[in-house]
2 protein chains.
Amino acid sequence: MRLLVLDYLLKQSAAVSLSDLETYFHRADRITLYRSLKTFEEKGLVHSIDDGSGAVKYALCPDGCSPQEHHDLHVHFFCTRCRETFCLPKSRIPDIALPEGFSAGEVNLVMKGTCNTCRG
Amino acid sequence: MRLLVLDYLLKQSAAVSLSDLETYFHRADRITLYRSLKTFEEKGLVHSIDDGSGAVKYALCPDGCSPQEHHDLHVHFFCTRCRETFCLPKSRIPDIALPEGFSAGEVNLVMKGTCNTCRG
DNA sequence: GAATGCCCTGCAACTGCATTGCACTTTAGC
DNA sequence: GCTAAAGTGCAATGCAGTTGCAGGGCATTC
Ligand SMILES: [Mn+2]
Ligand SMILES: [Mn+2]
Ligand SMILES: [Zn+2]
Ligand SMILES: [Zn+2]
């Protein structure tokens, strides 16, 4: 099952949600798919994306992610038309000036708009 | 009830969630508080913040927000210790380079780390 | 002052997504 | 082949958000 899920992820250009998997693998159990994603995430194969759509999405990690540390510090793009979420590894997150006393850790940056296939 | 909620919001330095309100106004109904926030948001009084904590938080808008358009294009900061979320209106979101064909709309930028009261 | 209508409130119920427990099956190691 | 571990399926739960509906306050109108 996990191999099938991994194969599916490799073919996607956009991030997938659990319900996406559920729709595609309609014969498989929801929980199995859920745990597959969780395991992949733990092992550093995929990273999760909270794009504000209500459902967490997952995408394959770039090379160099380890179980200890995910460095998915790239921008994510959520298309408001097709509701797909894309990783934009080329668009790095710039440094943000913080007020005195604040120390930065992770950053979550999600842009919204229309993607290249949805523009008209 | 709404006046009480508004009064409460005015006294906060951090964004509040629905359950925060629920805890404070323990005699009021959850739904009434929920709808108060929704009404405030519609009218341009508050803006909602998705900080990734699982619960949407709300904070008063800066001057100039209208029912039609919220311009809360500032950075939000989520403290991983006290789990409070702060608006950082001084930290503007820089422009992000997008790939060809992508057009930008809203941006959600949440930084995580420790706030000025939680640093040790 | 009674009737009408609107707005606010409270109760109940429902949805969607995430998560866990437990039993069963399959796989891998010996 | 036997045994332990890993993977899977089913059930149930939790939590945040949301909606429908009915009752109550209040002001306007006749
Ligand atoms: Mn990504
Ligand atoms: Mn804000
Ligand atoms: Zn699109
Ligand atoms: Zn803090």
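Per chain, numbering begins at 1; letters A, B, ... match sequence-line order. No experiment lies behind these values; they were computed from the predicted model shown.
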Do any N or O atoms of the protein come closer than 3.5 Å to N or O atoms of nucleotides 17-22 of chain C, and which pairs are they?
from   : atom 1 : to    : atom 2 : distance (Å)
C:dA18 : OP1    : A:V56 : N      : 2.8
C:dT19 : OP2    : A:Y34 : OH     : 2.7
C:dT19 : OP2    : A:K38 : NZ     : 3.4
C:dT19 : O5'    : A:Y34 : OH     : 3.0

Protein and nucleotides 23-25 of chain D: nitrogen or oxygen contacts under 3.5 angstrom:
none

Test side chain to side chain contact (heavy atoms under 4.5 Å, CB included) applied to B:H74 and B:L88, step by step: CA-CA 6 Å; B:H74 51 267; B:L88 301 182; 5.7 Å; no
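A:D51 is linked by a side chain to side chain donor-acceptor pair (under 3.5 Å) to A:S53, A:K57, A:T85, counting only residues two or more places apart in sequence or in another chain. Taking B:R81 as the reference, B:C79, B:T114, B:C118 meet the side-chain contact (heavy atoms from CB on, under 4.5 Å) condition, with sequence neighbours excluded. Residues passing the side chain to side chain donor-acceptor pair (under 3.5 Å) test with A:D50, sequence neighbours excluded: none. Qualifying side-chain contact (heavy atoms from CB on, under 4.5 Å) partners for A:A28, counting only residues two or more places apart in sequence or in other chains: A:M1, A:F25, A:L33.
Looking only at distances, a side-chain donor or acceptor of A:S17 sits under 3.5 Å from a matching main-chain atom of A:D20.
The separation between B:L33 atom CG and C:dC11 atom C1' is 14 Å, rounded to whole Å. Straight-line distance from the CE atom of A:M1 to the P atom of D:dG7: 14 Å, rounded to whole Å. Distance B:E42 CD to D:dT18 C1': 13 Å, rounded to the nearest Å. For the pair A:R2 CZ and C:dT27 P, the computed distance is 13 Å after rounding to whole Å. Distance B:L37 CG to D:dT18 C1': 14 Å, rounded to the nearest Å. Remark: C1' of D:dG9 and CZ of A:F25 are 17 Å apart, rounded to the nearest angstrom. One can place CG of A:D29 at 13 Å from C1' of D:dA12, the figure rounded to the nearest angstrom. Atom P of nucleotide D:dA16 and atom CD of B:E22 are separated by 8 Å, given to the nearest angstrom.
Taken together through direct or relayed side-chain contacts under 4.5 Å among Ile, Leu, Val, Met, Phe, Trp and Tyr, B:L4 and B:L10 form part of one hydrophobic cluster.
Between A:F102 and B:F77, the distance separating the two ring centers is shorter than 6.0 angstrom. Ring centroid separation for the pair B:Y24 and B:Y8 comes in under the 6.0 Å cut-off.
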